[in-house]
Amino acid sequence: IGGALVIKCLLIFSRSKFDGAHQFVLQVNEPSDNKTAFYIFAPDTKSITTLTVNSLPSSTAAARLLQIPADGQITTYQPTDPKEVGKDLLLHFSSLRPSLTIFDAANLFFYSFGVSANNVMGKEVTYPLDASSQKVVTQLLTDQALYREGNSVSVVNAAGISGLGTQVANLLSHMGANVVSVTTADKEQDNSSISYIGQQTYTVKRLQKVLHFPLSKMTTSGLSDIVITVGTKDASHFSL
């Protein structure tokens with residue numbers, strides 16, 4: 001029994017997403033108000049920023065509509081204080097229906113506890129976003145560790161859906177990725193992939209966590225350090 005519990009804990013831990021060192025974006029849905037808040041935990045600046053989006057047609061689809069890289073989400077009918085979200089998760093883990101693990105909840109609790117009230121900020125935008133709001137979203141969501149690496153990224157649309165490559169590129173740009181090209185494949189393909197040259201950088205690992213595409217290593221360098229190919233099987237995750 002003890003061995004089974006240890007194995008189960010290890011499996012849950014392996015699915016955890018917040019490591020306490022890199023940016024983490026939590027989507028908090030409030031379906032009764034047709035709005036969603038994105039809680040941006042940024043360990044590099046020891047801050048928490050809340051981005052509230054009003055007038056959404058669907059709160060649960062907010063990340064896809066806005067091309068925001070959410071690492072997890074919860075659903076609540078009560079306003080959640082950014083400093084208290086970790087505690088709320090621990091106390092009401094099952095009722096909040098999180099796409100996180102209990103380890104994530106604990107890490108968010110300890111991280112939030114250590115953040116000064118002066119480093120808790122909030123911004124509001126309204127859907128659909130205008131150019132000014134888009135700029136705010138990009139500024140708030142830029143992952144500084146990923147931005148500093150500066151790995152160049154190419155996006156290849158192999159799903160046969162016009163504009164899909166641009167949607168994915170917008171998502172990556174919101175993360176702070178250096179997108180250098182968006183192209184359409186000569187023919188459609190079923191499977192998506194993330195191909196990279198050299199070592200698995202933080203950028204490669206972060207993109208894989210957000211996109212959930214399999215990784216493959218390129219043997220020769222090309223236009224960019226990383227090539228993201230979007231196939232037909234994953235098209236519905238990004239198309240509007």
Mind running side chain to side chain contact (heavy atoms under 4.5 Å, CB included) on V28 and Q73 for me, showing each step along the way?
CA-CA 6 Å; V28 180; Q73 63 177 292; over 6 Å; no

Walk me through it: do S112 and V85 pass the test side chain to side chain contact (heavy atoms under 4.5 Å, CB included)?
CA-CA 8 Å; S112 301; V85 66; 4.3 Å; yes

Let me see the working for S181 and S154 under side chain to side chain donor-acceptor pair (under 3.5 Å), right down to the final yes or no.
CA-CA 5 Å; S181 74; S154 296; 3.1 Å; yes

Let's go through T50 and T52 carefully: what are the C-alpha distance in whole Å and the side-chain angles of both, what is the deciding distance for side chain to side chain contact (heavy atoms under 4.5 Å, CB included) to 0.1 Å, and is it a yes or a no?
CA-CA 6 Å; T50 305; T52 303; 3.8 Å; yes

Starting from the C-alpha separation in whole Å, work towards a yes-or-no answer on side chain to side chain donor-acceptor pair (under 3.5 Å) for Y202 and N151.
CA-CA 10 Å; Y202 168 71; N151 291 168; over 6 Å; no

For F38 and T36: C-alpha separation, side-chain torsions, deciding distance, then whether side chain to side chain contact (heavy atoms under 4.5 Å, CB included) applies.
CA-CA 7 Å; F38 293 91; T36 290; 3.8 Å; yes

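V156 is not connected to V180 by any chain of hydrophobic side-chain contacts under 4.5 Å among Ile, Leu, Val, Met, Phe, Trp and Tyr, and they are in different clusters. A continuous path of ILVMFWY side-chain contacts below 4.5 Å connects F110 to I102, so both sit in one hydrophobic cluster. Residues L215 and L207 share a single hydrophobic cluster, defined by chaining ILVMFWY side chains whose heavy atoms lie under 4.5 Å apart. By the criterion of side-chain heavy atoms lying less than 4.5 angstrom apart, applied directly or through intervening Ile, Leu, Val, Met, Phe, Trp or Tyr residues, V227 is not grouped with F238; the two fall into different hydrophobic clusters. With hydrophobic clusters built from ILVMFWY side chains whose heavy atoms lie under 4.5 angstrom apart, L211 does not share a cluster with I197.
No hydrogens or angles considered: nothing links the side chains of N178 and Y147 as a donor-acceptor pair under 3.5 Å. D130 and S133 share a side-chain donor-acceptor pair at under 3.5 Å. Between S55 and T126, the side chains place no donor N or O within less than 3.5 Å of an acceptor N or O (distance only, hydrogens not considered). For the residue pair Q23 and D44, no side-chain donor N or O sits within less than 3.5 Å of a side-chain acceptor on the partner.
I228 pairs in a side-chain contact (heavy atoms from CB on, under 4.5 Å) with only one of the listed residues (L172, V182, V179, N157), which is L172.
Taking CG of D225 as the start and CD of Q199 as the end, the distance is 12.5 Å to the nearest 0.5 Å. Between the CG atom in L108 and the OH atom in Y39 there is a gap of 12.0 Å [rounded to 0.5 Å]. A distance of 11.0 Å separates CD of Q139 from NE2 of H174, quoted to the nearest 0.5 Å. Annotation: the span from Q67 atom CD to M175 atom CE amounts to 13.0 Å, rounded to 0.5 Å. Rounding to the nearest 0.5 Å places NZ of K217 at 5.5 Å from OH of Y196. Taking OG1 of T203 as the start and CG of L146 as the end, the distance is 3.5 Å to the nearest 0.5 Å.
In this structure, K46 places its NZ atom where only 12 or fewer heavy-atom neighbours from other residues, nucleotides or ligands lie under 6.0 Å away. In the displayed structure, D186 atom CG is contacted under 6.0 Å by at most 12 heavy atoms of other residues, nucleotides or ligands.
Under the 3.5 Å distance criterion, the side-chain polar atoms of Q189 are matched with a main-chain donor or acceptor of N191. A distance-only check finds a donor-acceptor pair linking the side chain of S224 to the backbone of I226 [under 3.5 Å]. Side chain of S192 to main chain of G231: a donor-acceptor pair is present (N/O by atom type, distance under 3.5 Å, no hydrogens or angles). Under a 3.5 Å cut-off, the side chain of N119 and the backbone N or O of S116 do not form any donor-acceptor pair. At distances below 3.5 Å, not a single donor-acceptor pair connects side-chain atoms of T142 with backbone N or O atoms of Q144. No side-chain donor-acceptor contact under 3.5 Å links Q208 to the backbone of I194. Of the possible polar contacts, one joining the Y111 side chain to the A42 backbone as a donor-acceptor pair under 3.5 Å is found.
The shortest heavy-atom contact between P69 and L141 is CD-CD1, 4.2 Å. Taking both residues in full, the closest heavy atoms of H22 and A145 are given as CD2-CB, 3.9 Å, listed atom of the first, atom of the second, then distance. The two residues Y127 and L66 make their nearest non-hydrogen contact at CD1-CD2, 3.6 Å. For the residue pair Q27 and A62, the shortest heavy atom distance occurs at NE2-CB, 3.9 Å. Of all the heavy atoms in S47 and V115, the pair that sits closest is CA-CG1, 4.1 Å. Minimum interatomic distance between A158 and T229 (heavy atoms only, all atoms of both residues): CB-CG2, 3.9 Å.
Salt bridge annotation for K209-D71: absent, with no cationic side-chain nitrogen under 4.0 angstrom from a carboxylate oxygen.
In this structure, the ring of F103 has its center no less than 6.0 angstrom from the ring center of F18.
Partners of K205 by side-chain hydrogen bond (donor to acceptor under 3.5 Å, both in side chains), not counting sequence neighbours: none found.
A heavy-atom distance below 4.5 Å is not found between the side chains of V155 and T183. In this structure, the side chains of L51 and V137 come closer than 4.5 Å at one or more pairs of heavy atoms. With contacts defined as side-chain heavy-atom distances shorter than 4.5 Å, the pair N107/F109 does not qualify.
Using bins of under 30°, 30° to 60° and over 60° for the plane-to-plane angle, the ring pair F41/F24 lands in the tilted bin.
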